[in-house]
Amino acid sequence: MSVRNVVPDRVVLPLHRRALPLLAVAAATALTRLPPRHLCLVLERIRHRARPSTAAQATVARRAVVAVSLRCAGEGCLPRSVAAALLCRLRGTWPTWRTGVRTDPFAAHAWIEAEDQVIDEIHPAGHFTPMLTVAPEPPAQRGRARHRARSADRG
């Protein structure tokens with residue numbers, strides 16, 4: 001992505017709270033090497049049956065990712081956003097993950113949102129036109145998946 005980003009002060013996580021964020025950053029580093037279409041498909045599968053993240057949950061995840069990775073703390077918006085989404089998923093929730101562009105001057109960016117709020121970004125909502133989005137599953141789809149699983153267990 002091409003946007004320079006000023007990251008707020010990094011928090012220092014205690015050693016026992018670094019494992020999951022480090023795992024999310026490692027997975028995100030691998031996933032961001034995929035073509036965009038494949039990345040979206042993988043993220044759509046990962047989000048399956050997750051509850052939507054609250055803004056507080058997404059903020060905690062994003063700050064944890066920034067705390068353990070200098071790349072995510074700097075200009076690595078794509079790995080930062082994917083890692084934050086993955087960390088939310090490891091905790092049972094899913095934010096809205098987005099990439100977008102603006103044209104004058106051209107810039108691309110990736111970020112997460114929760115409860116219709118952009119999480120810890122210097123750019124306000126609407127600054128970029130979203131191009132790729134992986135939102136939480138609608139409640140009906142999450143419920144249908146549980147119903148299918150229960151039906152399969154009985155049959």
Side-chain angles (χ1 to χ4, degrees), residues 1-32 34 36 39-102 107-147 149:
M1 299 288 147
S2 61
V3 172
R4 292 199 177 270
N5 199 1
V6 177
V7 177
D9 293 333
R10 292 174 62 195
V11 297
V12 177
L13 292 179
L15 280 174
H16 70 279
R17 291 188 45 214
R18 293 182 191 171
L20 283 180
L22 285 169
L23 178 64
V25 169
T29 300
L31 288 174
T32 56
L34 294 173
L39 174 59
C40 283
L41 288 172
V42 170
L43 293 180
E44 285 171 356
R45 299 227 180 195
I46 290 171
R47 73 162 181 198
H48 182 63
R49 295 180 71 177
R51 297 178 324 275
S53 295
T54 64
Q57 291 167 327
T59 299
V60 166
R62 186 183 184 284
R63 289 181 181 171
V65 163
V66 167
V68 299
S69 169
L70 285 175
R71 182 169 184 221
C72 290
E75 295 182 20
C77 64
L78 184 58
R80 177 177 56 241
S81 63
V82 171
L86 293 175
L87 185 54
C88 284
R89 184 61 188 104
L90 287 168
R91 294 174 175 161
T93 66
W94 186 261
T96 298
W97 174 84
R98 295 191 192 272
T99 64
V101 297
R102 71 169 189 231
H109 190 51
W111 67 96
I112 60 170
E113 298 176 4
E115 298 177 331
D116 296 322
Q117 297 176 37
V118 175
I119 304 299
D120 278 358
E121 296 288 339
I122 61 172
H123 305 292
H127 188 77
F128 292 93
T129 302
M131 301 298 290
L132 300 173
T133 298
V134 179
E137 287 181 319
Q141 285 185 347
R142 289 194 310 270
R144 252 193 315 244
R146 275 188 233 119
H147 177 71

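We count residues from 1, following the sequence as given. Owing to the predicted nature of the structure, the values given are computational and were not obtained by experimental measurement.
The two residues A114 and S53 have their closest heavy-atom pair at CB-O, 3.5 Å. Among all heavy-atom pairs drawn from A108 and V101, the shortest one is CB-CG1, 4.1 Å. Nearest heavy-atom pair across L86 and W94 is N-CZ3, 4.4 Å. Here the closest heavy-atom approach between residue V12 and residue R18 is recorded as CG1-NH2, 4.0 Å. Here the closest non-hydrogen pair linking R80 and V65 is O-CG1, 4.2 Å.
If you take CZ on R62 and SG on C88, they are separated by 11.5 Å, rounding to the nearest 0.5 Å. Rounding to the nearest 0.5 Å places CH2 of W97 at 4.5 Å from CG of L39. The distance from the CZ atom of R45 to the CZ atom of R47 is 11.0 Å, given to the nearest 0.5 Å. Once rounded to the nearest 0.5 Å, the distance linking CD1 of I112 with CG of L87 reads 9.0 Å. Separating the CZ atom in R89 from the CG atom in L43 is a distance of 12.0 Å, to the nearest 0.5 Å.
Inspection of the E121 and H109 side chains reveals an N or O donor paired with an N or O acceptor under 3.5 Å. With hydrogens and angles left out, the side-chain atoms of T93 and R51 include no donor and acceptor closer than 3.5 Å.
Without hydrogens or angle criteria, E113 side chain to T96 main chain gives no donor-acceptor distance under 3.5 Å. E137 places no side-chain N or O within 3.5 Å of a backbone atom of H48 that could act as its donor or acceptor partner. Using modelled atom types, one side-chain atom of T32 and one backbone atom of T29 make a donor-acceptor pair closer than 3.5 Å.
In this structure, D120 and R63 have side chains that are in contact, with non-hydrogen atoms separated by less than 4.5 Å. You'll find the side chain of L132 reaches within 4.5 Å of the side chain of P36, heavy atoms only. Between H127 and V118, every side-chain heavy-atom pair lies at or beyond the 4.5 Å cut-off.
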